[in-house]
Structure formats: C-alpha cells, structure tokens
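Notes follow the structure.
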Amino acid sequence: LGKILRIDVDGRRPYAVPSDNPFVGTSGARGESWTYGVRNPWRFSFDRATGDLWIGDVGQGDVEEIDRIPAGRGGVNLGWNAFEGSRAFGGRARGATPMSPVAEYSHDQGVSVTGGYVYRGKRVPYLAGRYVYADYASGRIWSMRAGDSPGDVREETGGLGVKLSGISSFGEGTSGELYVIGNGALYRFAPR
C-alpha cells in the first residue's frame, strides 16, 4: 500500500508536482504519486545509462523482491499487498495489473533485501551492466543481468575480500564505481 513519490524541489516551496506525473488530476489520488504497490522499498536507484528505476522491496512474510521500472514509466502497480513477490499474499488487488518483480528470493536465503545499483564503472569488468544488491541479515551480495530482460541466473558476487553483515546501503561514485556499507564500515568493490 506504499508509494514512491516524484516531486520537483526546485519549483515552488515547499515543492511542486510535475505536470506529467501519472496521477495529476486523478480524483482520489495524490499527484505526487509516481509508483504504488510497494511494501517497504529499502533503497532504490536509477541506472545512469538507461534511467531505469531499480527497487529493493522488503517483504513481510516469506519473499524479498527486486523491481525494475523502465525509464519514464509512471503509474506502475508493483502489487503489494495482493502479492509478495510473485506469490499471492491475500490482500486486495488495486488499480492496474501488477508488474512482476525481476528477481525474488525466499527467507531461506535472506530476510531483508537491500537495493543496490546497476554497475557502470570500469574497475570490476565482470560486474559491467549487472544490478548488484544484497541481503541485510545474511550478508549475501548478488548480481544479475540488468538488460531489457533482467534476471536470468543470479550470481553471488565476491570481490570485497570480506564477509559482511548488516548491509544497509550501497553507493555509487561519480565514475560509476560501487561502494557498500556493512560491518559498520564502507567498502569499495575491486577486481578479484
């Protein structure tokens, strides 16, 4: 039942609502809304090469999910609380037909997704064009192809030289290099 909002902080104070937002002028809807049907989006980012929006959405019962919304496509329903990942959850479907996640995992692999970034740096060639994300509790870091049909085989990603716990966030440098916060410290991805 959550939403991701899109506002213009450079417009009127405190902010302006972009006129091309999908729900502007829709009775019973807030014009600020861009995407809905998220439960607990824990970190989202834009792919610097494509503009696609990537979201790590923390589940409630058994499933963590990764969603990808193509650049410029607003008004997308990501399904919560009728679905948790691709599984029926028991809530009532609202609005448009929900978009399925591009990846999901059950709680036997981890219990709290931390969304990341599509890697566009140069230091770690094997991550080029892959979406990198993690699980807060298990410390696992995965990557997957981030093209027009994301997913395929998810791969556990190394390259840090340490086992992390409490992975709370990722960061992206100006040149597209990736950083991760875990173990209470900041780490940079580097070649093997």
Side-chain angles (χ1 to χ4, degrees), residues 1-9 15 17-18 20-48 50-118 130-138 140-146 148-151 154 166-172 180-181:
L1 302 176
K3 295 170 182 59
I4 293 177
L5 308 180
R6 180 178 177 242
I7 60 174
D8 178 0
V9 296
Y15 62 86
V17 176
D20 61 343
N21 272 7
F23 299 104
V24 168
T26 302
S27 177
R30 295 291 303 258
E32 294 93 329
S33 298
W34 180 256
T35 295
Y36 64 103
V38 291
R39 180 185 172 273
N40 182 10
W42 189 253
R43 310 298 189 236
F44 64 86
S45 64
F46 294 95
D47 180 345
R48 64 174 47 214
T50 66
D52 294 349
L53 174 61
W54 289 82
I55 306 162
D57 197 8
V58 176
Q60 179 170 317
D62 297 315
V63 180
E64 306 296 305
E65 72 182 77
I66 299 296
D67 299 296
R68 172 188 162 261
I69 300 174
R73 185 169 171 200
V76 173
N77 177 4
L78 295 175
W80 177 257
N81 69 351
F83 294 92
E84 182 181 54
S86 61
R87 298 180 191 176
F89 189 74
R92 186 173 63 92
R94 293 172 170 84
T97 301
M99 178 184 280
S100 296
V102 294
E104 61 184 53
Y105 61 93
S106 64
H107 285 181
D108 62 342
Q109 297 179 56
V111 297
S112 182
V113 68
T114 300
Y117 287 84
V118 175
R130 297 183 67 83
Y131 178 71
V132 180
Y133 62 103
D135 185 82
Y136 177 86
S138 73
R140 295 174 84 176
I141 298 175
W142 293 283
S143 71
M144 66 178 189
R145 190 169 48 81
D148 289 338
S149 300
R154 283 182 317 163
I167 299 174
S168 59
S169 194
F170 287 85
E172 182 182 44
V180 62
I181 297 173

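Since the model is a prediction, treat every value here as computed from it, not as a measurement.
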Any heavy-atom pair between the side chains of [Y] and [X] that's under 4.5 Å?
X	Y	result
D57	L78	no
Q60	N81	no
F23	K3	no
S45	E172	no
I66	Y105	no
R145	R130	yes
R48	Y117	no

Output the distance between atom CZ (R68) and atom OG1 (T50), rounded to the nearest 0.5 Å. 7.0 Å
Any chance CH2 of W34 has more than 12 other-residue heavy atoms, nucleotides or ligands included, within less than 6.0 Å? yes
Answer yes or no: does atom CZ of R30 have more than 12 heavy-atom neighbours from other residues, nucleotides or ligands under 6.0 Å?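 It does not: R30 CZ has 12 such atoms or fewer within range.
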Measure across [X] and [Y] and return the closest heavy-atom pair with its distance rounded to 0.1 Å.
X	Y	answer
G110	E64	O-CG, 4.4 Å
G56	V113	C-CG1, 3.7 Å
V111	A137	CG2-CB, 3.3 Å
P101	S86	CG-N, 4.1 Å
V76	I69	CG2-CG2, 3.9 Å

Is the ring pair Y131/W54 parallel, tilted or perpendicular, if the boundaries are 30 and 60 degrees?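 Taking W54 first and then Y131, their aromatic rings lie parallel (interplane angle under 30°).
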Would you please classify the geometry between the F46 ring and the F44 ring as parallel, tilted or perpendicular, with 30° and 60° separating the classes?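 Rings of F44 and F46: perpendicular, over 60°.
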Stepwise, does the ring pair (Phe, Tyr, Trp, His ring centres under 6.0 Å) test hold for W42 with Y136? CA-CA 10 Å; W42 189 253; Y136 177 86; 8.0 Å; no
Apply the side-chain contact (heavy atoms from CB on, under 4.5 Å) test between R39 and each candidate in F89, W80, F83; give the one that qualifies.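 Going through the options one by one, the only one that passes is W80.
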Is the backbone N or O of D47 less than 3.5 Å from a side-chain atom of D52, with the two atoms forming a donor-acceptor pair by type?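 No, because the side chain of D52 does not come within donor-acceptor range (under 3.5 Å) of the backbone of D47.
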Indicate yes or no for a side-chain donor-acceptor contact from R94 to the backbone of G37 under 3.5 Å, with no hydrogens or angles considered.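 Checking the backbone N and O of G37 against the side chain of R94, no donor-acceptor pair under 3.5 Å is found.
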